[in-house]
Each structure stands twice: as structure tokens, then as C-alpha cells.
Amino acid sequence: MFCQFPENFIWGVATAAAQIEGVAFEDGRGASIWDVFSRLPGKIKNGGIPDICCDSYHNIERDVALLRELGVKAYRLSFSWSRILPDGIGKVNTAGIDYYRRLLTALKESGIQVNATIYHWDLPYALQVKGGFGNREIIRWYLNYASILFDNFRDLVDYWVTFNEPIATYVGHAKGFFAPGLTDEKYARQCIHHLLLCHGEAVKLYRSMQLPGQIGVVVDVWKHYPARPDNADDIASAMMNNEIEGFGMFLNPLFLGGYSKELTAYMERTGLTPKTEPGDMDTICQKLDFYGLNFYNGLYDNADEQHAAAEGGNFQDRPEQHLEAVYDVLHMLVDKYGIDIPIYITENGVAQDDGPDREALLKDEERIAYVSETLRHVRRAMDDGIDVRGYYLWSLMDNFEWSAGYAARFGLYYTDYNNLRMIPKKSASWYHDVIANNGFRISAN
Ligand code: BGC
């Protein structure tokens with residue numbers, strides 16, 4: 001059977017600045033919270049630091065050649081705030097502007113659409129020192145940064161994303177295993193409230209500038225289900241993970257105009273309610289042009305089993321795959337959150353553990369199986385009428401996987417960190433064919 005996608009379906013791949021660019025301290029760039037956090041002992045697997053990564057800063061042509069080789073229609077990337085504004089505010093680093101202009105121009109000349117994220121986890125360290133997202137001033141800082149991007153790249157970006165996965169900011173302030181490495185839940189809740197306001201204000205600014213293109217947000221959904229549907233503890237665990245510490249904390253305010261009743265009750269009970277001002281929720285809940293879903297897995301909670309927070313954040317301690325969950329998640333977006341705008345799968349992919357056997361890593365059958373299985377369920381949801389317009393595979397090449405450092409390889413291309421050469425894995429030619437045929441054959445078993 002052939003799994004066929006509609007003619008205008010947008011096939012792409014995704015990356016993020018802090019994970020591929022490198023050149024952390026040259027050409028005027030300021031430090032980000034990840035540059036600082038990664039240097040704290042024990043925070044990153046095998047002590048990886050993002051100083052060089054894939055050195056994409058010096059390799060625009062190499063990266064664009066890979067994208068052309070794959071035949072992607074779109075590339076999802078992010079801007080590094082501290083490359084544009086080394087101190088987060090104030091003086092603009094023209095070398096940073098120039099770098100992105102060259103990259104975006106090369107993409108345009110190759111006929112590749114650009115989906116660009118304004119903020120993908122890498123706050124300038126200079127702003128963290130001033131309180132970061134915990135300081136309501138962040139709204140002004142973020143708007144200043146966004147307006148510089150809008151002004152400079154208005155002609156080169158097709159899709160703007162205000163934030164990628166705001167959960168990372170929660171984790172970084174409440175759980176400690178992401179930058180900036182704090183463990184203060186009250187502060188984390190305040191940070192999230194301010195982050196959501198940054199989003200809303202940026203959308204308002206974007207509208208007022210009447211820019212071409214579209215603007216949206218990316219929220220990852222790791223939906224938890226009770227492993228035993230009748231077990232009260234499993235139900236409570238899934239609720240906690242979805243509403244209190246998961247996607248509900250963002251989707252509710254972004255699309256329904258307020259914190260959920262579960263989260264509100266929880267924050268009141270625990271004294272964690274953030275400080276708000278009148279009108280905040282109206283600011284946060286802006287009409288968007290599209291929604292980006294990052295989907296990696298569905299999770300089944302058994303309250304009798306302990307699941308430690310995963311290294312890297314992506315629940316890599318739970319090897320079972322429940323990729324069929326994407327079908328339910330897409331329905332939930334429409335049914336529960338009333339999302340009536342086009343949806344893009346802005347990330348989906350699977351990691352391989354690094355190891356000495358490169359040949360084995362290049363034969364990544366498990367990635368092909370994972371992606372095709374996810375896509376099959378996405379297609380089912382589309383058959384039901386859910387408006388999914390595109391799919392971005394995470395990631396173009398192996399890169400700096402946050403707390404997992406260089407130990408988790410997510411790429412279609414294998415990154416040889418000794419010489420920064422990119423070697424196609426089996427999945428690269430498979431994905432090339434998917435794009436060329438606008439679909440793929442589903443294997444019989
Ligand atoms: C993030 C990426 C990350 C990927 C794989 C997503 O949560 O947006 O930056 O590399 O998952 O873990």
C-alpha cells in the first residue's frame with residue numbers, strides 16, 4: 001500500500017542555532033545560557049559543549065547542498081539571540097545579521113522555504129543575569145530582538161515561530177537539567193507567564209508591521225495516558241504530566257485564553273500562581289496563522305513505576321514507541337483546544353546512541369521505521385479532515401542534543417565531529433524518495 005500525501009504538502013527538515021552553528025565566541029557573538037550551563041560539571045553527557053557543534057556558521061554552502069540533495073521544500077531553523085544582540089539588548093552585531101542574511105538568501109535562491117524560530121532555548125546569558133524570563137522586562141527585550149529580526153529578514157522568512165517548545169524554559173527553571181539549571185518551580189511558573197506574554201506581544205507587533213509571511217508557535221505534545229485506564233493513580237499521573245507540567249500549561253492560555261482549571265487549582269493550592277496584570281490573557285491568546293506540533297512519542301504512565309527525568313529531556317528512558325498517539329494528539333488539538341488553523345508537524349525524529357560502529361549507525365532502519373510509522377498516523381488524521389500542511393524531520397544532521405551532548409544522534413546525515421564532514425545515512429536517501437514521490441510504500445508487516 002502507498003501512503004500518499006497531498007500535492008502541496010511541505011516536506012522539510014529542522015535544526016536550531018544552538019545545536020548546529022558553533023562559533024560560540026567569535027564574530028561578536030555573546031554567550032547564551034547553554035554556553036554557560038554546558039560548562040557546569042556533570043550537566044551534559046560526556047561533557048559536551050556547544051562551541052563548535054556542526055560549525056554551520058562557517059558552512060552555509062555545505063548545509064544548503066545537503067538540503068538540496070534531500071530535495072526538501074522547506075527548512076526550519078532558529079536565530080541565535082546572542083549572535084544578533086550579544087548582550088540581549090543594545091548594540092546589534094552586524095556580523096550576525098550578515099550571517100543570517102547570507103544563509104536565508106542561499107535558501108531562497110535554492111527555492112527552499114524558510115520556517116524561522118525567534119527563540120529556541122538559547123537566551124543571552126547577559127539577560128539571564130538580569131533575571132531572564134523571570135523579569136517582566138523580558139517582554140521589552142524580546143520585542144526589541146523580534147523587531148530587529150522582522151526588520152532585517154522580512155523578505156526572506158516565510159513562516160515565523162515566536163517560541164519553540166516553551167517547556168524547555170519550565171524545565172530549565174523548575175527541574176534543573178536544562179539551562180539555566182534552576183530548581184525553583186514558583187520562579188519557573190512566573191517565567192512561563194512572561195514567555196507567553198512575549199509571544200503575544202510579538203504577534204501583535206508582527207500584525208502591526210503588516211509583514212508578508214505567517215506567524216505561529218511551536219508547542220511539543222508528549223501526551224501521557226494512564227497505563228491502566230481504571231487506575232486512579234495512573235489517571236492522576238497522566239493528568240499531572242499533561243495539564244500541570246506538560247502541554248496544557250501552554251495550549252490552554254495560547255488557544256483558550258487562560259490557564260486550565262486543573263492548573264489554576266494546582267497553582268492556588270501550592271502557592272505557585274504567577275503575578276499577572278489585567279489584560280495578560282488577552283495578549284497571550286492571539287489569533288495565529290499556523291500551529292507547529294513537535295511530536296516524538298506518546299507515553300503510558302504506570303504510577304507504580306518510577307520514571308526518572310530523561311537525560312536530554314526527551315524521555316529517552318522510555319524505549320517503547322507509541323507513535324499512533326500522534327493521531328489522537330492531532331484530534332485533541334482540534335477538539336479540545338479549538339485549533340482551526342493549519343497545523344505543521346514541525347519536529348519528529350528519533351535518536352541513535354553514539355557508538356564506535358559507524359557503519360551500523362549509517363544503516364538507520366529504525367529511523368525509517370519510526371518516521372514512516374508516525375507519518376502513517378498523521379495521514380490517518382488528515383483523512384479525517386485535520387488540516388496538516390507539512391512535516392519537518394528532526395534533524396538534518398547529528399548535532400548538539402542539549403543535556404545529551406553529542407551522544408544522541410538524530411540526523412539524516414551522520415556528523416563526523418573529527419572533520420565536520422556529513423555522511424548520508426540510509427534514512428537520507430529514503431527521505432529523499434519520500435519527498436520525490438510525495439509518499440512512501442508501507443511495508444506489509
Ligand atoms: C527540541 C530539539 C531537540 C529535539 C530532540 C525537541 O524537543 O526542539 O531542539 O533536539 O527535541 O530531542
Side-chain angles (χ1 to χ4, degrees), residues 12-22 32-35 37-38 44-45 48 50 53-54 56 75-81 115-123 159 161-172 175 177-179 195 199 216-223 241 245-247 249-250 291-299 309-319 321 323 325-326 329 344-354 364 366-367 370-371 374 391-413 415 427:
V13 288
T15 62
Q19 297 178 268
I20 66 163
E21 284 179 8
S32 84
I33 52 174
W34 276 93
D35 296 313
F37 178 74
S38 63
I44 311 288
K45 196 159 184 178
C53 301
C54 306
S56 287
Y75 181 42
R76 176 165 182 251
L77 51 83
S78 78
F79 295 104
S80 156
W81 187 337
N115 179 313
T117 299
I118 297 172
Y119 184 80
H120 195 128
W121 306 5
D122 48 353
L123 190 75
Y159 304 89
V161 169
T162 53
F163 282 91
N164 175 74
E165 299 195 2
I167 189 81
T169 298
Y170 176 77
V171 169
K175 307 284 181 191
F177 60 87
F178 275 1
L195 180 152
H199 157 86
V217 69
V218 168
V219 178
D220 54 319
V221 177
W222 291 79
K223 189 166 174 188
N241 282 314
E245 299 210 303
F247 57 86
M249 113 170 95
F250 314 108
Y291 167 74
L293 169 67
N294 288 0
F295 175 85
Y296 284 90
N297 208 354
L299 300 162
E311 273 181 288
N314 271 350
F315 302 94
Q316 284 141 356
D317 60 332
R318 297 205 206 182
Q321 288 178 355
L323 304 175
V326 74
V329 166
Y344 292 84
I345 309 294
T346 34
E347 280 182 36
N348 172 246
V350 68
Q352 301 160 287
D353 291 336
D354 190 24
D364 57 345
E366 68 285 2
R367 176 165 292 112
Y370 172 98
V371 171
T374 310
Y391 173 90
Y392 294 81
L393 196 151
W394 184 274
S395 179
L396 172 60
M397 55 216 168
D398 302 330
N399 55 45
F400 176 71
E401 178 50 31
W402 310 113
S403 313
Y406 297 99
R409 291 182 176 268
F410 272 92
L412 290 172
Y413 287 82
T415 303
S427 58

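Not measured: the values here are computed from a predicted model. Atoms within a ligand are numbered from 1 in the order they appear, just like the ligands themselves.
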- Can you sort out the partners of Asp398 under salt bridge (charged side-chain N to carboxylate O under 4.0 Å, His left out), two or more places apart, ordered by chain and number? Arg409, Lys425
- Could you check which of Glu347, Gln19, Arg76, Glu165 puts a non-hydrogen atom nearest to atom 9 (O) of ligand 1? Gln19
- Item | Set of residues satisfying side chain to side chain contact (heavy atoms under 4.5 Å, CB included) with respect to Ala116, sequence neighbours excluded | Leu77, Phe79, Val114, Val157
- Would you kindly say whether Asn294 and Tyr392 are connected by a side-chain donor-acceptor distance under 3.5 Å? no
- Task: Enumerate the atoms of ligand 1 whose separation from the nearest heavy atom of Trp121 is less than 4.0 angstrom.
- Result: 1 (C), 7 (O), 8 (O)
- Item | Pairwise side-chain contact, Asp354 with Tyr406, heavy-atom cut-off 4.5 Å (strictly under) | no
- Query: With a 4.5 Å heavy-atom cut-off, do Ile44 and Trp34 have their side chains touching?
  - Reply: yes
- For ligand 1, which atoms sit closer than 4.0 Å to a heavy atom of Asn164? 8 (O)
- Item | Residue Phe410 vicinity, atoms of ligand 1 by number, heavy atom under 4.0 Å | 5 (C), 12 (O)
- Query: What are the atoms of ligand 1, with element, lying closer than 4.0 Å to any heavy atom of His120?
  - Reply: 1 (C), 2 (C), 8 (O), 9 (O)
- Query: Does ligand 1 have an atom that lies less than 4.0 angstrom from a heavy atom of Asp220?
  - Reply: no
